[in-house]
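Presented below is the structure to which this report refers.
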Amino acid sequence: QVQLVESGGGSVQAGGSLRLSCAASGYTNCMGWFRQAPGKEREGVATIYTGSGDTYYADSVKGRFTISRDNAKNTVYLQMNSLKPEDTAMYYCVAGCRWLGHWYSPDYYNSWGQGTQVTVSS
């Protein structure tokens, strides 16, 4: 497991942008983001694999969010554009993909950050 430190959350009006960052304490084979809104289940937002650079996105954020990674810094970014009130949630950085599973499954990851709040007002 690695330690994950998130930053970049905050409040923004609908249509605005935010950029989340997450620094890992060491190498990971993948990094990504989940989110959880009050009263809702945790949802996979995006994941990027270190080796291939492959990326995966939830349908709800495709075309608006972009995940990227600086391998030299073990840091992942989530650029969020055209934000909507329904994007309001606690966003969690995840890392360390297991051999089996799906990128959108919480059990697929062995490291979680403490979360950063994103609030989008209408």
Side-chain angles (χ1 to χ4, degrees):
Q1 293 186 351
V2 295
Q3 303 299 315
L4 302 173
V5 179
E6 301 122 326
S7 61
S11 297
V12 66
Q13 289 189 331
S17 299
L18 283 173
R19 188 192 195 207
L20 305 183
S21 300
C22 174
S25 59
Y27 171 84
T28 64
N29 59 352
C30 75
M31 295 185 77
W33 296 90
F34 272 67
R35 67 184 181 186
Q36 188 168 23
K40 294 188 176 181
E41 293 188 354
R42 204 167 288 190
E43 174 191 25
V45 176
T47 286
I48 184 167
Y49 287 87
T50 303
S52 64
D54 289 346
T55 58
Y56 297 86
Y57 295 92
D59 288 343
S60 57
V61 306
K62 281 181 181 177
R64 300 188 298 122
F65 291 11
T66 302
I67 190 170
S68 61
R69 177 169 179 159
D70 185 334
N71 290 338
K73 296 181 179 180
N74 293 322
T75 298
V76 67
Y77 306 96
L78 186 68
Q79 179 66 44
M80 305 185 293
N81 298 329
S82 302
L83 282 161
K84 304 175 181 180
E86 50 263 44
D87 294 317
T88 295
M90 184 70 77
Y91 283 70
Y92 298 90
C93 180
V94 294
C97 294
R98 304 184 193 280
W99 286 110
L100 298 176
H102 301 282
W103 75 268
Y104 49 81
S105 173
D107 294 338
Y108 188 51
Y109 304 89
N110 60 34
S111 296
W112 286 74
Q114 293 192 335
T116 184
Q117 179 68 36
V118 171
T119 302
V120 184
S121 58
S122 57

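Quick caveat: nothing in here was measured; it's all calculated off a predicted structure. Because only heavy atoms are used, hydrogens play no part in the values below, and waters and symmetry mates are left out as well, while side chains stay in.
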Nearest-0.5 Å distance that lies between atom [atom1] in [X] and atom [atom2] in [Y]:
X    : Y    : atom1 : atom2 : answer
Y57  : T47  : OH    : OG1   : 10.0 Å
I67  : C22  : CD1   : SG    : 9.5 Å
Q114 : E6   : CD    : CD    : 7.5 Å
N29  : C97  : CG    : SG    : 5.0 Å
C30  : W103 : SG    : CH2   : 11.5 Å
S25  : N74  : OG    : CG    : 8.0 Å

Open item on the list: Is a donor from one side chain sitting under 3.5 angstrom from an acceptor on the other, for T75 and D70?
Closed with: no
- [ ] Taking side-chain contact (heavy atoms from CB on, under 4.5 Å) as the test, write out the residues that go with S52, two or more places apart.
- [x] Y49, D54
Open item on the list: Run the side-chain contact (heavy atoms from CB on, under 4.5 Å) test against S121 and tell me which residues pass, sequence neighbours left out.
Closed with: Q13
Counting only heavy atoms from other residues, nucleotides and ligands, does the tally under 6.0 Å from [atom1] of [X] exceed 12?
X   : atom1 : result
Y77 : OH    : yes
Q3  : CD    : no
Q79 : CD    : yes

- [ ] Apply salt bridge (charged side-chain N to carboxylate O under 4.0 Å, His left out) to R64 and list each qualifying residue two or more places apart in sequence or on a separate chain.
- [x] D87
Open item on the list: Taking Y91 as the starting point, is it possible to reach V12 by hopping between hydrophobic residues whose side chains are less than 4.5 Å apart?
Closed with: yes
TODO: Determine whether F65 and M31 fall in the same hydrophobic cluster, where Ile, Leu, Val, Met, Phe, Trp and Tyr are linked whenever their side-chain heavy atoms lie under 4.5 Å apart.
DONE: yes
Sub-3.5 Å donor-acceptor pair from the side chain of [X] to the main-chain atoms of [Y], do we have one?
X    : Y    : value
R98  : D107 : yes
S111 : V2   : yes
N110 : Q1   : no
T55  : I48  : no
T88  : E86  : no

TODO: Evaluate the side-chain contact (heavy atoms from CB on, under 4.5 Å) criterion for residues R35 and T116: first the C-alpha distance (whole Å), next the side-chain angles of each, then the deciding distance (0.1 Å), finally the verdict.
DONE: CA-CA 9 Å; R35 67 184 181 186; T116 184; over 6 Å; no
- [ ] Output, in order, the C-alpha distance, side-chain angles, deciding distance and verdict of side-chain contact (heavy atoms from CB on, under 4.5 Å) for Q36 and F34.
- [x] CA-CA 7 Å; Q36 188 168 23; F34 272 67; over 6 Å; no
TODO: Mind running side-chain contact (heavy atoms from CB on, under 4.5 Å) on V45 and L78 for me, showing each step along the way?
DONE: CA-CA 9 Å; V45 176; L78 186 68; 4.2 Å; yes
Any side-chain heavy-atom pair of [X] and [Y] under 4.5 Å:
X   : Y    : answer
W33 : V76  : yes
E43 : S60  : yes
M80 : V118 : yes

TODO: Test S7 against R19 for side-chain hydrogen bond (donor to acceptor under 3.5 Å, both in side chains), laying out the working first.
DONE: CA-CA 9 Å; S7 61; R19 188 192 195 207; over 6 Å; no
- [ ] Report the relative orientation of the aromatic rings in Y109 and W112; use parallel for angles under 30°, tilted for 30 to 60°, perpendicular for over 60°.
- [x] perpendicular
TODO: Provide the closest heavy-atom pair for G113 versus L4 in the form atom of the first, atom of the second, distance.
DONE: N-CD1, 3.7 Å
Task: Where A14 and P85 come nearest, the two heavy atoms and their spacing - done: CB-CD, 4.1 Å
